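Letters go in sequence order (proteins before strands), and every chain restarts at 1. Since the model is a prediction, treat every value here as computed from it, not as a measurement.
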2 protein chains.
Amino acid sequence: MNAPHFSTKERILGAAETLFAQHGFAGASLRQVTAAANVNLAAVNYHFGSKDNLIEEVFRRRLDELNVRRLAALKNALAADEPKLDHEGGHAFMRVLARAFAEHDERLRKFLSDNYGHVLREFATAFAGFLPHMDKEELYWRLDFITGALTHSMADFGPMRRRSQVSEESHRERAAAHLIRFAAAGLRTA
Amino acid sequence: MNAPHFSTKERILGAAETLFAQHGFAGASLRQVTAAANVNLAAVNYHFGSKDNLIEEVFRRRLDELNVRRLAALKNALAADEPKLDHEGGHAFMRVLARAFAEHDERLRKFLSDNYGHVLREFATAFAGFLPHMDKEELYWRLDFITGALTHSMADFGPMRRRSQVSEESHRERAAAHLIRFAAAGLRTA
DNA sequence: GTCTATATAGAGATAGAC
DNA sequence: GTCTATCTCTATATAGAC
């Protein structure tokens, strides 16, 4: 069995995701990124053109696939009624995503909204279908609260961190179970 | 009536709060801060010693007073049962606070936890008293979700932004009313 | 496609005059 | 307490050899 070999581009993306999660987009330098990826500094500009483009690629790499899965899961849920939280991409990416919320950078917001806004809107429409008697504004507020709770907990912002005995996988599943109970009750209340 | 005159130190703190909220701690430079505050660049080091110390002072200025109010509100609520969301410090500070969550910087985390962690713990204890039959881990998860929802919505991360017709004051009150309904239901559910 | 070397700009911090 | 000037370091980006 050969170990999989990662291209320079992939190594840069992986290191960038980790370091942006840890230090933020402004806080992590291309020098740190290329050092962690074990590639030359100039490789970033060759493969991505600029730091801003690299940031966008970090999102694109995960979100393209993730949103396909999300929409499929939504379609299934519309038939089966069995919610399943999807957190593909791993821990580092959830933290990068949470950072994207914190950065009120207009360029990044626009990029995410233009490319992935339709997924959010499909989910909102589906929830409106399930809760036809709920005031629209009330519903949107509640979905926004759930987004906040999800982002906060999945990015390990709060004190409910994983204990070292528990695997990351089962920690996530436990967190998801708690969140679903909490969110469902908050969403349905009169 | 004389317009109030702000000291150099206060002008720096105000400008820093706004710019840190907008661009993050790493993203906002001391040069931007001092330019916005209309003071000399060297004034930051004279008054605060370093950028890191300035960041801590931005928090200390608001949190010292805010937490006194929070604890007083908790004491009242323990008697009266009338929750009131406190968001003293204004919009910019809520965004700075949300950024502090996003920054996984250990130094900043420790500073906030050392100086203000006891407030959080008092609230958790009070909630445990109100919900004596709830499993502790379940309760802590739910309080963490509420923290996420609160931070997210008060920092205007999501799409539920204030419309220009609505005043900031009444937008906040509306958001708080929605959040209290949502959080109360999520917290109490079996 | 990857390297070295460097251009250019901006950062935080400080020394010392006033 | 505030200024100018500057030190030193680091940043992003690019030019050009291999």
Side-chain angles (χ1 to χ4, degrees), chain A residues 2-61 96 99-100 103-108 111, chain B residues 3-61 96 99-100 102-108 111:
Chain A
N2 282 335
H5 56 287
F6 294 99
S7 69
T8 295
K9 216 170 156 173
E10 283 165 333
R11 290 219 304 286
I12 292 171
L13 284 169
E17 180 175 272
T18 304
L19 287 165
F20 288 153
Q22 271 170 30
H23 305 116
F25 303 110
S29 71
L30 295 184
R31 290 178 144 78
Q32 291 175 283
V33 169
T34 51
N38 247 292
V39 303
N40 189 273
L41 171 60
V44 168
N45 263 271
Y46 176 77
H47 287 286
F48 301 96
S50 71
K51 185 179 185 178
D52 277 346
N53 285 341
L54 170 60
I55 292 171
E56 290 189 1
E57 282 304 314
V58 166
F59 286 98
R60 206 190 301 275
R61 178 174 72 140
V96 171
R99 261 185 198 279
E103 307 271 342
H104 273 222
D105 182 280
E106 267 314 313
R107 186 191 139 96
L108 189 55
F111 167 77
Chain B
H5 56 286
F6 294 100
S7 69
T8 296
K9 216 169 157 176
E10 283 165 332
R11 290 219 305 285
I12 292 172
L13 285 169
E17 180 176 89
T18 304
L19 287 165
F20 288 153
Q22 271 170 30
H23 306 117
F25 303 109
S29 71
L30 295 184
R31 290 176 145 80
Q32 291 175 284
V33 169
T34 51
N38 247 293
V39 303
N40 189 272
L41 170 60
V44 168
N45 263 272
Y46 177 78
H47 285 286
F48 300 96
S50 71
K51 186 179 184 176
D52 277 346
N53 284 342
L54 170 61
I55 293 171
E56 290 189 1
E57 282 304 314
V58 166
F59 285 98
R60 205 190 300 276
R61 178 174 70 141
V96 171
R99 260 183 199 279
E103 308 271 341
H104 273 222
D105 182 278
E106 267 314 311
R107 186 191 140 95
L108 188 55
F111 167 78

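- For the side chain to side chain contact (heavy atoms under 4.5 Å, CB included) with B:Phe25, the qualifying choice from B:Asp105, B:Leu19, B:Val58, B:Leu108 is B:Leu108, the only one to do so.
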Can you give one letter per nucleotide of nucleotides 7-18 of chain C, 5' to 3': B if a protein heavy atom sits under 4.0 Å from the base, S if only from the sugar-phosphate, - if neither? ----BBBB----
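- OP1 or OP2 of C:dT2 lies within a sub-4.0 Å distance of a side-chain N or O belonging to A:Thr8.
- Salt-bridge annotation for B:Glu57 and B:Lys9: absent, with no side-chain N of the basic residue lying under 4.0 Å from a carboxylate O of the acidic one.
- If you take CG on B:Leu54 and CD on B:Glu17, they are separated by 11.0 Å, rounding to the nearest 0.5 Å.
- When side chains are defined from C-beta on, A:Thr34 does not count as touching A:Asn40, because their heavy atoms never get closer than 4.5 Å.
- Formation of a donor-acceptor pair under 3.5 Å by the B:Arg99 side chain with backbone atoms of B:Phe20 is found in this model.
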